[in-house]
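Right, one structure below, let's go through it.
Owing to the predicted nature of the structure, the values given are computational and were not obtained by experimental measurement. Throughout, residue positions are numbered sequentially from 1 according to the sequence presented.
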Amino acid sequence: MPDVIYLLPDAVANQIAAGEVVQRPSSAVKELMENAVDAGAGTIRLILKESGKGLIQVVDDGCGMSPTDARAAFERHATSKIREAKDLFTIHTMGFRGEALASIASISQVEMKTRRSIDEVGTRIVIEGFEVKLQEPCQTPVGTNFLMKNLFYNIPARRNFLKSNTVEMRHNLDEFERIALANSGIAFSLHHNDQEIFHLEPGNLRQRIVGVFGKDVNKHLVPVEEETEALKLSGFVGKPEIAKKTRGQQFFFVNNRFIKSSYLHNAVQTAFEELLPKESYPFYIIFLDLDPARIDINVHPTKQEIKFEDERLIYNYLKVAVRHALGRNSITPSLDFEQQNIFSRQFVPVKKEPRPDDDTASALFNRKTTEPSAPGRSDYRVPPAARNWEELYAGLEKNDWAPVEERSAPAENDLFTIKSGWSDDVMDESPSPAFPAAKAPYQVHQSFIVSQIKSGFILVDQQAAHERVLYEKYLESLNDNQQFTQRELFPTALNFTPAQAVILRDILPQINRLGFDLQDFGSNAFVVHGVPADWPPGQNEQQIIEQLLDQFQNNVDQASGVPDRVARTMARGSAVKRGTALTEVEMTALIDQLFACTMPFKSPSGRNCFLTFDLETLEKEFSG
């Protein structure tokens, strides 16, 4: 039997190894930019086309390479960072494996120009699929100009697995931001498809954070600074008001290297205990400087996972340092976030309104008022000013459980006459001579709606139900392009971070199909000329759009497409919230619209929209 084990050719071995090092364009961006940092560059330019699929170019003014070094740099395990195994525990550079350039050269078309300050001419090397096509002298500035084209051109299967340009660009922005934050003393710029996205001048960390995340974040930064013999900790945490519901603005740097650690994240999260609402993530950029011998960074090819010699000590030290920083800035925990929201609201008694004879399907979205409307908006209903406090307690001497007034018989399109082919008991509840007219719905804690049915009653979560109604409405508008726009009397300017602006430009057509008239104004600014016709009063356009961009930046709900994600976010942000008083007409309209949905049982986020309680079960509960 012939031998079956043999050595793979270098080209094949490099393509296999490239699968670990270069998974997508952002992997190459990270490796090339880190090489530029290690070369001592003072200025680094990143140029992309087609989100890195077509072109990735990194230009730096670092030390450059000799002709011999330039050629050797593309060999596997060729590196200037270490000489022997023990050097792995004294690493101060970003790269050290010697795999990046070899992997990149094996799956793309590469051209590199480099020159040292002591050389009169530089070196130009052209490589395709790990095969050196050309090496010659050339004129080039001091430093290195690395250009790679057509990523995975010789591995079509790998290229087909790349995501959309929007998703790939988001990953590129993530890597750029991490390296830029870790090296605030270096000037960085980013161009995508001939448009400048970032232009960051060298400065201190606070200036770099403002350059990356926008000037609005500056007033919310809390400095963290602690030092012991074993560890130096520095950076900033954000005040609770800029915490978000999605991840993406949490950064740990160990010896200037970005790392991911859920264990250390929990330490910061614990320090913010009782300061943040549930399921919120604080903003932080924290640097840990310690002896390289106390950590092991040779754990994963991406070098974003490391091991600490004493992880528990780091955890406790980090938690205490963040708590001290918050305490020094007079940021103390509140007793109850929900109570804060409750007492800040204006409670007003809700008067019952007789249900009109005409269709009330749009009552919830067109709440009228006799009070002046906001400038540039239709006459939406806004809550009146608080009445005298006596009115708040009016009627308490009456029995809360007294029957409410009966309303007139439901119209043909009422909740319990809607037929959708369901066999559920709820959908079969239609008025009959043997069954009296349904009672009017009413609210419980201004959050849930109770509506009587033949077999018992249903309890509707008003926020979840409204999210379901709006979600299907917005999704239909995106698919059919039938949403109407209400023009603003005075256009509103919205400012976003450079990373947000890149994503927003890509999904702008989908947002405008919802009824927005949002136009790019340049320099990361956008102008709102119009909003959807049923836009709720007082709703913040920038807040809703930022929630949508956060989902795209953090790749939330990857299975859903752009229209679905837009509809989900818009519905979640625009839905009537718990604690909002609704009139009888509005409650009836909401129930009608909920059961007219194709899927009324669950909200887009998976919460139950309503629960059914039947009389038989209730009687058993009270039977003793």
Side-chain angles (χ1 to χ4, degrees), residues 21-22 25-48 52 55-74 78-82 91-102 104-105 110-125 138-148 172-192 196-205 207-209 211-212 251 253-258 287 289 303 498:
V21 180
V22 184
S26 61
S27 305
V29 168
K30 173 182 180 294
E31 297 293 345
L32 295 178
M33 291 188 68
E34 286 182 347
N35 281 347
V37 171
D38 288 340
T43 301
I44 299 175
R45 289 189 294 149
L46 173 62
I47 302 169
L48 303 173
L55 170 71
I56 298 175
Q57 185 175 6
V58 176
V59 183
D60 68 68
D61 59 356
C63 61
M65 289 179 279
S66 68
T68 303
D69 286 344
R71 177 63 186 88
F74 290 96
T79 178
S80 62
K81 315 298 172 60
I82 61 175
I91 290 177
H92 292 86
T93 57
M94 297 295 102
F96 58 88
R97 288 173 173 267
E99 295 177 321
L101 294 187
I104 291 172
V110 171
E111 178 182 347
M112 185 180 73
K113 297 179 182 179
T114 183
R115 181 169 76 89
R116 299 178 300 179
S117 58
I118 60 175
D119 297 328
E120 294 183 358
V121 296
T123 303
R124 176 174 178 258
I125 296 179
C138 71
Q139 283 293 338
T140 185
V142 174
T144 302
N145 183 340
F146 196 100
L147 183 150
M148 57 174 290
N172 292 329
L173 290 169
D174 287 345
E175 296 296 348
F176 179 88
E177 289 175 354
R178 293 164 183 170
I179 296 174
L181 289 170
N183 301 276
S184 56
I186 300 177
F188 288 90
S189 65
L190 168 60
H191 290 76
H192 180 231
E196 186 175 65
I197 307 301
F198 280 101
H199 185 86
L200 305 174
E201 296 293 340
N204 57 38
L205 179 58
Q207 292 170 330
R208 180 54 51 88
I209 293 174
V212 172
F251 300 87
F253 297 93
V254 176
N255 294 348
N256 271 28
R257 182 190 305 278
F258 173 78
F287 289 78
D289 293 317
K303 300 183 287 290

On a heavy-atom basis, the closest approach of Val22 and Ser27 is CA-CB, 3.6 Å
Fill in: Working for side chain to side chain contact (heavy atoms under 4.5 Å, CB included), residues Glu34 and Ile179
CA-CA 7 Å; Glu34 286 182 347; Ile179 296 174; 4.1 Å; yes
Taking every heavy atom of Ala28 against every heavy atom of Ile56, the minimum-distance pair comes out as CB-CD1, 4.0 Å
Kindly indicate whether the side chain of Val212, heavy atoms from C-beta on, has any atom under 4.5 Å from the side chain of Arg208.
yes
Sequence neighbours excluded and cut-off under 3.5 Å, please list the side-chain donor-acceptor pairs for residues 140-148, or say none.
residue	atom	partner	partner atom	Å
Thr144	OG1	Thr114	OG1	3.1
Asn145	OD1	Gln57	NE2	2.9

Output for pair (Arg116 CZ, Thr123 OG1), nearest 0.5 Å, gives 8.5 Å
Any chance you could lay out the side chain to side chain contact (heavy atoms under 4.5 Å, CB included) test for Asn256 and Phe287, step after step, and finish with the verdict? CA-CA 7 Å; Asn256 271 28; Phe287 289 78; 3.7 Å; yes
Item to check | Side-chain donor or acceptor of Asn255 paired with backbone N/O of Arg257 under 3.5 Å | outcome: no
| said: Is the shortest side-chain heavy-atom distance between Met112 and Arg124 below 4.5 Å? | reply: no
CZ (Arg115) and CG (Asp61) are apart, to the nearest 0.5 Å, by 12.0 Å
Output for pair (Glu177 CD, Phe258 CZ), nearest 0.5 Å, gives 10.5 Å
field: Close side-chain approach of Leu190 and Leu48, heavy atoms under 4.5 Å
entry: yes
Rounding to 0.5 Å, atoms CD (Glu196) and OG (Ser189) come to a distance of 6.0 Å
| task | For residues Ile125 and Val110, determine if any side-chain heavy atom of one lies less than 4.5 Å from a side-chain heavy atom of the other. | result | no
Separation between CG (Asp119) and CE (Met65), nearest 0.5 Å, reads 11.5 Å
Please say whether more than 12 non-hydrogen atoms of neighbouring residues, nucleotides or ligands are located less than 6.0 Å from CZ in Arg45.
no
request  = Give a yes or no answer on whether the side chain of Asn183 reaches the backbone of Ile186 with a donor-acceptor pair at less than 3.5 Å.
outcome  = no
Correct closest heavy-atom pair for Gly185 and Pro202 would be O-CB, 3.3 Å
* Check whether any side-chain heavy atom of Glu201 lies under 4.5 Å from a side-chain heavy atom of Gln207, and answer yes or no. => no
Discussion item. Under the criterion side chain to side chain contact (heavy atoms under 4.5 Å, CB included), I'd like the reasoning laid out for Val59 against Ile44: C-alpha separation, chi angles, the key distance, then a yes or no.
Written reply: CA-CA 6 Å; Val59 183; Ile44 299 175; over 6 Å; no
Correct closest heavy-atom pair for Arg178 and Phe253 would be O-CE2, 3.3 Å
- Apply side chain to side chain contact (heavy atoms under 4.5 Å, CB included) to Leu32 and Ile104, showing your working. CA-CA 10 Å; Leu32 295 178; Ile104 291 172; 4.0 Å; yes
When rounded to the nearest 0.5 Å, the distance separating CD1 of Ile197 from NE2 of His191 is 8.5 Å
Can you find a heavy atom in the side chain of Phe176 that is under 4.5 Å from one in the side chain of Phe198? yes
